[in-house]
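Written out below as structure tokens is the structure these notes cover.
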Amino acid sequence: SAVNDSASGAQVIDGSLNWNINSQSPSNGDGSNLLRTPSSAGDRKTWTYSCWVKRCELGRSQSLFSSTGGGSTDSGYLQFGFRSTDILEIGGALTWWLQTNQVFRDTAGGYYHIVCAVDTTNSNADDRIKLYVNGSQITSFAARSNPALNLNTAINQTYGTYIGAEDGRANYNNCYLSQVYLIDSQALEPSDFGYTDPLTNTWRPKKFEPPLVSLNKGITWSSQLSGT
């Protein structure tokens with residue numbers, strides 16, 4: 001359901017959506033997700049995903065973002081989200097590229113701003129995927145296996161892209177999500193989506209002004225949301 005939520009530090013997140021799950025089978029049962037299938041491929045090497053997420057459940061794998069229809073290869077399948085240990089991880093069908101040491105277990109009301117910036121054309125392997133949480137880059141990983149140079153990821157392929165589920169049928173996310181962006185052909189930084197409030201020293205959302213690209217306004221995502 002659409003709500004107006006307040007996060008810690010007097011941070012206001014407007015109009016978040018509550019992702020509902022089937023309590024009888026939260027991992028692989030019915031759940032809420034959004035789906036878009038591009039009619040033509042976009043830039044599969046360079047893109048940015050950004051969202052504000054308030055977690056409602058811990059200890060279970062939950063997807064933020066996935067595209068899985070291109071087959072069981074690192075180029076055809078991508079999953080980004082929380083592992084059952086509450087770390088963040090991103091990978092293809094064969095390789096987990098990044099798994100954080102940091103865990104994300106705040107369910108008391110705070111939002112996490114998560115940015116995943118991908119550029120597989122970068123000659124520096126450690127810069128091909130950058131993860132940021134609340135404006136700070138994550139640099140400590142329990143596991144790291146960088147994607148190959150110039151890898152075409154599964155994102156922006158002509159198969160389903162899901163928000164809030166893996167492959168539209170597993171690892172449904174029990175959370176609130178707001179201000180979700182997928183930016184094609186740009187590896188952006190958190191400062192494009194948020195800023196540090198000088199009065200409270202908290203990370204806050206700001207209006208997104210796309211650098212060098214225009215927003216794909218009017219795109220329809222099929223809704224598999226439930227609830228009121």
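Here, residue 1 is the first one in the sequence, and each next residue gets the next number. Please read all numbers here as calculations on a predicted model, not as lab measurements. Atoms considered below: every heavy atom in the structure, side chains included; atoms not considered: hydrogens, waters and symmetry mates.
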Assess the residue pair T85 and V103 against the criterion (side chain to side chain contact (heavy atoms under 4.5 Å, CB included)); give the C-alpha distance rounded to whole Å, side-chain angles, the decisive distance to 0.1 Å, and a yes or no. CA-CA 7 Å; T85 53; V103 296; 5.7 Å; no
Between Y49 and Y181, ring centroids under 6.0 Å: no
What about F80 and F65, are their ring centers closer than 6.0 Å?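 Between F80 and F65, the centre distance exceeds or equals 6.0 Å.
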Under 3.5 Å, side chain of [X] to main-chain N/O of [Y], donor-acceptor pair present?
X    : Y    : answer
T46  : D119 : no
T120 : R128 : no
R105 : G59  : no
D74  : T95  : yes
S75  : N152 : yes
N156 : A41  : no
Y112 : D106 : yes
S50  : C116 : no
Q79  : E89  : no
E166 : Y172 : no

Are there more than 12 heavy atoms of other residues, nucleotides or ligands under 6.0 Å from atom CG of N201?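 At most 12 heavy atoms, drawn from other residues, nucleotides or ligands, come within 6.0 Å of this atom.
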The single option from V180, N33, L35, N173 that satisfies side-chain contact (heavy atoms from CB on, under 4.5 Å) with I163 is V180
Pairwise side-chain contact, [X] with [Y], heavy-atom cut-off 4.5 Å (strictly under):
X    : Y    : result
F193 : V115 : yes
Y162 : L34  : no
T68  : L78  : no

Hey, are [Y] and [X] close enough side-chain-wise for a donor-acceptor pair under 3.5 Å?
X    : Y    : result
N101 : S140 : yes
T202 : T200 : yes
Y111 : Q179 : no
S63  : N171 : no

Pi-cation contact, F104 with R55 (under 6.0 Å, within 45°):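 No; the conditions do not both hold, so R55 does not lie above the ring face of F104.
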Lys/Arg cation over aromatic Y195: K206, 6.0 Å, 45° cone: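 No.
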Stepwise side chain to side chain contact (heavy atoms under 4.5 Å, CB included) check, L58 with T107: CA-CA 8 Å; L58 305 177; T107 59; 3.8 Å; yes
Taking all atoms of both residues into account, what is the closest heavy-atom pair of [X] and [Y], and its distance?
X    : Y    : answer
S84  : S61  : N-OG, 3.4 Å
R204 : D197 : NH1-OD2, 2.8 Å
G160 : S67  : O-OG, 3.0 Å
A187 : V118 : CB-O, 3.9 Å
G76  : T73  : N-OG1, 3.0 Å
W203 : T196 : CE3-OG1, 3.5 Å

Same hydrophobic cluster for W96 and Y77, using side-chain heavy-atom links shorter than 4.5 Å among ILVMFWY? no
Say you draw a straight line from CD of Q62 to CD of E57; how long is it, rounded to the nearest 0.5 Å?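 Atom-to-atom, Q62:CD and E57:CD are 5.0 Å apart.
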List in chain and number order the residues that pass side-chain contact (heavy atoms from CB on, under 4.5 Å) with E189, two or more places apart in sequence or in another chain; answer none if no residue qualifies.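 For E189 the side-chain contact (heavy atoms from CB on, under 4.5 Å) partners, ignoring immediate neighbours, are Y132, S191, D192.
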List for me each residue that meets side-chain contact (heavy atoms from CB on, under 4.5 Å) alongside F141, sequence neighbours excluded, and say none if there are none. L98, T100, L131, I138, R144
With side chain to side chain contact (heavy atoms under 4.5 Å, CB included) as the test, would you mind laying out the steps for T121 and L149 before giving the verdict? CA-CA 6 Å; T121 70; L149 181 66; 5.5 Å; no
Quick one: do D43 and K45 satisfy salt bridge (charged side-chain N to carboxylate O under 4.0 Å, His left out)? Show the steps, please. CA-CA 6 Å; D43 191 334; K45 299 177 181 178; over 6 Å; no
Stepwise, does the side chain to side chain donor-acceptor pair (under 3.5 Å) test hold for T153 with W47? CA-CA 10 Å; T153 70; W47 49 267; 3.0 Å; yes
Show your reasoning for whether side chain to side chain contact (heavy atoms under 4.5 Å, CB included) applies to L88 and V133. CA-CA 10 Å; L88 272 174; V133 176; 4.0 Å; yes
